[in-house]
Number of protein chains: 4
Amino acid sequence: MKHRSKPIPSFIKNQRLVEQRRRQIVQGAVDLFVRKGFHKTTTREIARACGLSIGTMYEYIQTKEDVLYLVCDYIHSELERRLTEAIREEDSGRESLKKAISQLFRVMGEMSDYVLLIYQETKSLPKETMKYVLQKEEEITGHFERILEKGIRDGTLSLSPSSVKLMAHNIMVMGQMWTFRRWVLARHYSLEEYTRLQTALLLRDLSLDEGGG
Amino acid sequence: MKHRSKPIPSFIKNQRLVEQRRRQIVQGAVDLFVRKGFHKTTTREIARACGLSIGTMYEYIQTKEDVLYLVCDYIHSELERRLTEAIREEDSGRESLKKAISQLFRVMGEMSDYVLLIYQETKSLPKETMKYVLQKEEEITGHFERILEKGIRDGTLSLSPSSVKLMAHNIMVMGQMWTFRRWVLARHYSLEEYTRLQTALLLRDLSLDEGGG
Amino acid sequence: MKHRSKPIPSFIKNQRLVEQRRRQIVQGAVDLFVRKGFHKTTTREIARACGLSIGTMYEYIQTKEDVLYLVCDYIHSELERRLTEAIREEDSGRESLKKAISQLFRVMGEMSDYVLLIYQETKSLPKETMKYVLQKEEEITGHFERILEKGIRDGTLSLSPSSVKLMAHNIMVMGQMWTFRRWVLARHYSLEEYTRLQTALLLRDLSLDEGGG
Amino acid sequence: MKHRSKPIPSFIKNQRLVEQRRRQIVQGAVDLFVRKGFHKTTTREIARACGLSIGTMYEYIQTKEDVLYLVCDYIHSELERRLTEAIREEDSGRESLKKAISQLFRVMGEMSDYVLLIYQETKSLPKETMKYVLQKEEEITGHFERILEKGIRDGTLSLSPSSVKLMAHNIMVMGQMWTFRRWVLARHYSLEEYTRLQTALLLRDLSLDEGGG
DNA sequence: AATGAATGAGCATTCATTCAT
DNA sequence: TATGAATGAATGCTCATTCAT
């Protein structure tokens, strides 16, 4: 199930330009959304932030919600890109998992504002558009599912097949947890400590001698 | 550190009446917020839903954001009430934890719309008000910390003291996870299955023979 | 088939006030529409012209098109009111017709700007709303149908029944013609001349000795 | 007084090309205007409909209102062309009139959408431009004046000279009436019936034995 | 001659809040 | 205490027109 982005119509014919301008729009909007939230950000602010006139901006989008979608899609793509770059084909399942979890925590630490944004504003998207965003989220979780399955196959991880999906989600949630609860966790743990403790917990759940589910 | 609710000024002297009317307001607003989100709900709609005129409603609040705060506070109180009613003084730490986790998943399943609301709209509160909400959240997590500490003291749970807070948050997050990811989890697991699998995972992490942290 | 006006929702509860304010709105809007046309008149101009703030005006209407409907409905009502006040029960059909035609031309002469407005802007109304306006138009024509039928019954007018409707429309159109073609007719005929000539023509068509249809 | 079309400046030198492109523009615009009205049709839509880029289109017109003028002028020309092709020099006045009326009703029936367009949108033209359109309208009516005069001269029609203009306008209005009131007339009469009844009425008014005006 | 990206003034509409009654 | 009419700044979005290429 390969993810397809929702096509946003544009009045502009030059496709290259459309992509460039939309990157501009996303870059201008993302920090505004993070700082003020989607609803409190005005289209005029977005236009100013991305260096386009309001009229020009609207040549490349149809509604303000399109900007939110573009932002969410960008964040997800960035997330996925950075996650997958840590995965090597030749590694064992367990090794892959270790690296992926480590990268997950690092990336979530660095992109926590953005991840928070997705969780808080996805519901502001039109129903149809929201599905695209949720599907992308599921797809990212899918990478962990595949690592876990590889570990089961090559015997380096222990997990019942029916728990694979759940465990993949658990891993993702532990990553996101830092973004949701940083305001309190950071008072007690550094990101490194947090990463170490949570990784230990997760790997122990998947150890051979103990079994899972 | 006992939680104190943020005092919302009112023009009305009769404190009993203030409380009654605010309960009315919360009951009218909460489902609107769940359904449409805070920003897309108008004060007129809230007034209609709670059976007050717009003028009267504003006698009991100062701003629309006050309603959001009252709603968040109500949800948190309800959450805490239902969580604590499952905890018995005479139980062992391990026994308490089992019951509390079981109750947590049950309550999160039932209140998932409300919990989602808090996570999506807290950021719409004024900075100062937001602190009250986050503090209440932390306080609820505190109940699990205290159960874990009891289990360590009475020897029924195994956990390093420095991991207590983290583990309490992990438990809370596993509860909330159902609200955030229900859209996909529910396609693969029933709430009962989900509860059973996650509880097993959590309790195994805290088992005597395996040690924690 | 009694005409019912389209109900326009309002946020204001006091029905008396709604009617008063809507009269204000109509009075403010009608001359703007006549002078500039519906599309070139802004809601702010209407609000200013009727002495309401833009916000207040929108408490009494839902859309700008509602104002157009209110204006059309007002014009039609005024037209009908002035037409019917010339009709006496005790008159013969022929006598009624003479008076009605005379009054029709007088009223059309006086209200020609307004009548023109209806003809030029009705198509700017939403489909559903347009039906109400057209129905009212038909209803006004109906008065002439009934006069013609009376004349047939009392033997003072000669006309085949199947031509009654057509002749009623012919009469109406001759009245409106002055509003559509005043710019050229007025260069050659005074309204009095015009009325005299057209009335003679119409009455001759309905004379006993000649028969109709 | 021969009608001259209003000259619309163009940046393009090649006059042949200007005329061809303007025909294209009119063909693209006319149905859009009929369907959506002048104000609700955008220049972009017109450009798309006539197969020109927006920039190219503006090489051949100066403003959107120029398109409306071109459309009105085209409709009038078409109207006149089809009307005059039914008139034969060798016919008597009465014979000419019969044929012209018959053709008038036929053409009005076929072009009713277009005729309606002129009546509803002429007022959207700049004052100066509007005069050209009204003059053309008057010129078309002039054809009937000339036929009536011929009938007076050759003794086949009876009409006082002072009523010639009025009667010519009456004829035109009876033709247009079908376009204005088709929505109700068509429910009671077919176009054929309508034509027969109205023609009978008009010819009776002009009969020798009865006199006119 | 043709193109189409850029512009920004302008528009209809909303809605939290106030305050006279 | 309760009411609800009044307010107007603010917002998302449009579109005729221009002009550099």
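Just so we're on the same page: letters track the sequence lines, and every chain starts at 1.
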Novice: In whole angstrom, what separates A:Ile61's CD1 from F:dT14's C1'?
Specialist: 13 Å
Novice: Roughly how many Å is it from CZ in A:Arg21 to C1' in E:dA5, rounded to a whole number?
Specialist: 8 Å
Novice: Quick check: on DNA chain F, is the nucleotide nearest B:Asn14 upstream (toward 5') of the one nearest A:Thr63, or the reverse? Name the residue that is more 5'.
Specialist: B:Asn14
Novice: Is a donor-acceptor pair below 3.5 Å formed from side chain C:Arg44 to base E:dA12, judging by atom type as modelled?
Specialist: yes
Novice: With side chains defined as the heavy atoms from C-beta onward, is the minimum distance between A:Thr43 and A:Tyr58 less than 4.5 Å?
Specialist: yes
Novice: Any side-chain heavy atom of B:Glu45 sitting closer than 4.5 Å to one from B:Lys36?
Specialist: yes
Novice: Whether the side chain of C:Glu59 engages the backbone of C:Phe11 through a donor-acceptor N/O pair (distance < 3.5 Å, no angle test) should be reported.
Specialist: no
Novice: Write down the partner of E:dT3 under the Watson-Crick or G-U wobble criteria, each distance required to be under 3.5 Å.
Specialist: F:dA20
Novice: Please give, in whole Å, the distance from E:dG4 C1' to A:Tyr60 OH?
Specialist: 10 Å
Novice: Identify whether any heavy atom of A:Leu52 sits under 4.0 Å from a base atom; if not, whether one sits that close to sugar-phosphate; answer base, sugar-phosphate or nothing.
Specialist: nothing
Novice: Distance check needed: E:dA12 P versus C:Tyr58 OH, whole Å only.
Specialist: 6 Å
Novice: Given the structure, check if the side chain of B:Arg48 and the base of F:dG4 hold any donor-acceptor pair shorter than 3.5 Å.
Specialist: no
Novice: Consider the side chain of B:Thr43, meaning its heavy atoms from C-beta on, and name the nucleotide among E:dA16, E:dG4, F:dT17 that approaches it most closely.
Specialist: E:dA16
Novice: Give me the atom names and distance for the closest heavy-atom approach of A:Ile118 to A:Cys72.
Specialist: CD1-O, 3.7 Å
Novice: Just to be sure I understand the rule, does D:Phe11 reach a base, reach only the sugar-phosphate, or reach nothing, if contact means heavy atoms closer than 4.0 Å?
Specialist: nothing
Novice: On DNA chain F, does the nearest nucleotide to A:Gln62 precede the nearest nucleotide to D:Ile54 from the 5' side, or the other way round? Give the residue.
Specialist: A:Gln62
